[in-house]
S.K.: 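If you scroll down you'll find the structure; I have some questions about it.
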Amino acid sequence: MIKDFIDDTRIENILEQAKNPAPQRVREIITKALELKGLSPEEVAVLLQTEDDELIGMILQTAHKIKEDIYGNRLVLFAPLYIANLCANNCLYCGFRRDNKELNRVALTMEQIAREVQVLEREGHKRLLMLCGEHPTRSSLEYFMEAIETAYSVKTEKGGEIRRINVEIAPLEVAEYKELKKTGIGTVVLFQETYHHETYKTMHPSGPKKDFANRLTAMHRAQEGGVNDVGIGALFGLYDYKYEVMGLLLHALQLEQDCGVGPHTISIPRLEPAFNAPAAITPPHPVSDHDFKKLVAIIRMAVPYTGMILSTRETPEMRDEVFALGISQISAGSRTNPGGYQEDNSDAFRAAQFNLGDTRTLDEVILDITERGHIPSFCTACYRLGRTGKDFMDLAKPGLIQKFCQTNAVFSFKEYLLDYASPATRAAGDKLIRKMIDETFKTRRKKFVMDKLREIEDGRRDAYI
Ligand code: SAM
Ligand code: SF4
């Protein structure tokens with residue numbers, strides 16, 4: 001059985017030894033990163049300890065190049081679906097914490113969940129991240145699995161349906177992950193929050209989440225239970241960002257070593273203010289925008305093939321800057337209170353997990369990112385065709401995934417434009433697709449894409465390769 005593999009002293013020593021790096025060493029590591037084979041913990045520490053603005057500029061440019069080479073201009077979109085906010089834990093940064101007696105506690109019924117999903121489908125969403133608090137009876141695994149089945153069963157007009165549900169659920173045992181997998185989920189996501197033991201202990205004073213090692217090893221158990229794609233993350237602001245990046249990297253490497261494949265995604269939330277949550281109101285180690293961009297770039301260079309997820313916690317301006325540095329998935333049009341999609345509820349904050357930096361609708365976000373040259377993707381092809389886990393990485397590494405993903409992004413975006421977009425978004429989207437046909441696709445593929453787009457205009461849906 002896998003044990004706690006995070007050694008605080010080792011991380012501190014690696015970071016200490018990398019202090020004040022020679023510019024030549026930083027340049028060598030930047031050159032190595034361009035080979036797209038990833039970086040070692042020692043090399044990542046050198047980049048983290050780089051404070052020279054010119055070198056940091058080079059780090060950002062390198063990350064941008066890697067993002068373009070591997071992911072192109074695609075951004076995969078999803079919506080979080082909070083189904084319950086009861087929680088037995090007391091995480092000092094979260095509005096759902098047990099001791100927040102003023103929070104309106106809700107566990108949605110299956111009918112309410114179905115109505116939430118209808119709203120999301122009618123906006124055009126195809127991918128959900130389902131989450132809830134950790135509560136033994138009101139958010140049990142059975143309840144969660146029923147919610148997944150309910151969400152998948154909801155169909156709306158124009159072929160509206162959810163095609164992939166990723167889940168963010170408290171740590172489970174191997175047999176439970178096996179059960180969960182049967183519901184047809186995509187990625188199982190779990191954030192360690194902080195990899196620093198002492199900070200972890202302070203931030204999680206009571207409840208099952210107190211157990212650092214149980215949480216750390218959960219993604220190993222998920223893989224053992226047959227979950228092919230797992231996602232990890234750290235909540236930036238709880239402890240030194242350099243330490244947390246090292247923790248994320250060591251976690252990724254450990255998964256790769258023990259399970260044959262590293263994480264499918266890394267999430268990089270920053271602490272947002274939350275209702276009655278002391279650590280969120282005054283973050284112990286706030287991460288500046290400058291450092292945030294730097295850390296996104298370094299993660300992109302360290303694990304080039306791992307998707308990076310950014311949530312609506314960030315403002316539109318900040319989101320735009322970090323998209324270019326390596327983000328491949330974003331949430332849009334989000335609510336963090338259970339039932340929030342159906343209600344126009346001015347008191348929603350009383351049931352919400354944290355405040356949102358970006359409160360725009362899906363259509364507004366899509367218009368904005370399209371005008372900035374990113375192609376929104378609702379694609380779910382890889383997971384439906386079994387291109388997951390190690391198979392996905394084997395395809396991704398020689399660049400093959402780019403071929404599928406770029407094409408599928410265009411198809412799924414065209415379907416969105418026809419079925420759900422406002423006139424302004426449709427015009428901007430069609431312009432971008434025309435540009436991509438001219439510039440991105442070559443001869444045979446160009447013809448194939450154009451033929452398929454015509455079929456989609458004639459009513460074909462769910463086209464993918
Ligand atoms: N309850 C489960 C858990 O803790 O893993 C599942 C989902 S929890 C609702 C999702 C994530 O929200 C947490 O892992 C945490 O990183 C993040 N979160 C909590 N409070 C936050 C805040 N104030 N700002 C930003 N993210 C926060
Ligand atoms: Fe509960 Fe998760 Fe919030 Fe902690 S972060 S209080 S476990 S919902």
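All ligand and atom numbering here is 1-based and tracks the order in the structure.
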S.K.: Determine, considering heavy atoms only, which of E272, R97, K209 sits nearest to atom 4 (O) of ligand 1.
M.R.: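 It is K209 whose heavy atom sits nearest to atom 4 (O) of ligand 1.
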S.K.: A side-chain contact here means heavy atoms from C-beta on lying under 4.5 Å apart; do L48 and I298 qualify?
M.R.: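 Yes. Closest side-chain heavy atoms under 4.5 Å.
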S.K.: Looking at E224 and R221, is any side-chain nitrogen of the basic one under 4.0 Å from a carboxylate oxygen of the acidic one?
M.R.: no
S.K.: Taking the six-membered ring of F323, is NZ or CZ of R372 closer than 6.0 Å to its centre and within 45° of its axis?
M.R.: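 Geometry flag: not set, cation outside 6.0 Å or 45°.
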S.K.: Backbone, side chain, both or neither: what part of L190 comes under 4.0 angstrom of ligand 1, heavy atoms only?
M.R.: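 L190 to ligand 1: side-chain contact only, backbone stays beyond 4.0 Å.
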S.K.: With sequence neighbours excluded, tell me which residues meet ring-ring contact (aromatic ring centres under 6.0 Å, His included) with F144.
M.R.: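 By the ring-ring contact (aromatic ring centres under 6.0 Å, His included) rule, F144 matches no residue at all.
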S.K.: Which of the numbered atoms in ligand 2 are below 4.0 angstrom from a heavy atom of F96?
M.R.: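 This gives 3 (Fe), 8 (S) as the contact atoms.
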S.K.: Does ligand 1 have a heavy atom under 4.0 Å from the side chain of A277, from its backbone, from both, or from neither?
M.R.: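 For A277, there is no contact with ligand 1 at all, from either part.
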S.K.: Before accepting this row, confirm whether a basic side-chain N of the pair K294/E51 lies closer than 4.0 Å to the acidic partner's carboxylate O.
M.R.: yes
S.K.: For the 3.5 Å polar cut-off, considering only N or O atoms, please tell me whether C132 and ligand 1 meet it.
M.R.: yes
S.K.: Thinking salt bridges, do K126 and E415 make one under a 4.0 Å N-O criterion?
M.R.: no
S.K.: Does a side-chain N-to-carboxylate-O contact under 4.0 Å join D289 and R270?
M.R.: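 Yes.
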S.K.: Using distance alone, determine whether R215 and ligand 1 share an N or O pair under 3.5 Å.
M.R.: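 R215 vs ligand 1: N/O contact under 3.5 Å present.
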S.K.: Check the pair R335 / E116 against salt bridge (charged side-chain N to carboxylate O under 4.0 Å, His left out), numbers first and verdict last.
M.R.: CA-CA 11 Å; R335 297 285 172 274; E116 290 279 281; over 6 Å; no
S.K.: So which of F96, Y93, F191 gets nearest to atom 20 (N) of ligand 1, if we judge by its closest heavy atom?
M.R.: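 Considering heavy atoms of F96, Y93, F191, the nearest to atom 20 (N) of ligand 1 sits in Y93.
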S.K.: Using heavy-atom distances only, which candidate in E193, H135, M130 approaches atom 13 (C) of ligand 1 most closely?
M.R.: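 Going through E193, H135, M130 one by one, E193 has the nearest heavy atom to atom 13 (C) of ligand 1.
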S.K.: Taking atom 1 (Fe) of ligand 2 as the point of reference, which of A84, C91, C87 owns the nearest heavy atom?
M.R.: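 Nearest heavy atom to atom 1 (Fe) of ligand 2 lies in C87.
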S.K.: Could you tell me which atoms of ligand 2, counted from 1 in the order shown, lie closer than 4.0 angstrom to a heavy atom of R97?
M.R.: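 That gives atoms 6 (S) of ligand 2.
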S.K.: Show me the donor-acceptor pairs, under 3.5 Å and distance only, between side chains in residues 278-287 and residues at least two apart or in other chains.
M.R.:
none

S.K.: If you count the atoms of ligand 1 from 1 in the order shown, which ones are under 4.0 Å from a heavy atom of A274?
M.R.: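 Once the distances to A274 are compared, the set is 23 (N).
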S.K.: Would you mind checking if E134 and K209 are paired as a salt bridge, meaning a charged N to carboxylate O distance below 4.0 Å?
M.R.: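 A salt bridge is absent here (no side-chain N lies under 4.0 Å from a carboxylate O).
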S.K.: Taking 4.0 angstrom as the limit and counting only heavy atoms of K209, give me the atoms of ligand 2 inside it, by number and element.
M.R.: 2 (Fe), 4 (Fe), 5 (S), 7 (S)
S.K.: Run the numbers for me: atoms of ligand 2, each under 4.0 Å from some heavy atom of G133, listed by number.
M.R.: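 Numbered from 1, ligand 2 contributes 8 (S).
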S.K.: Check ligand 1 against A280 and write out every atom of the ligand that is under 4.0 Å from a heavy-atom position of the residue.
M.R.: 23 (N)
S.K.: For ligand 1, note which part of C94 has a heavy atom under 4.0 Å away: side chain, backbone, both or neither.
M.R.: both
S.K.: Have a look at ligand 1 and work out which part of R270, if any, has a heavy atom under 4.0 Å from it: side chain, backbone, both or neither.
M.R.: backbone
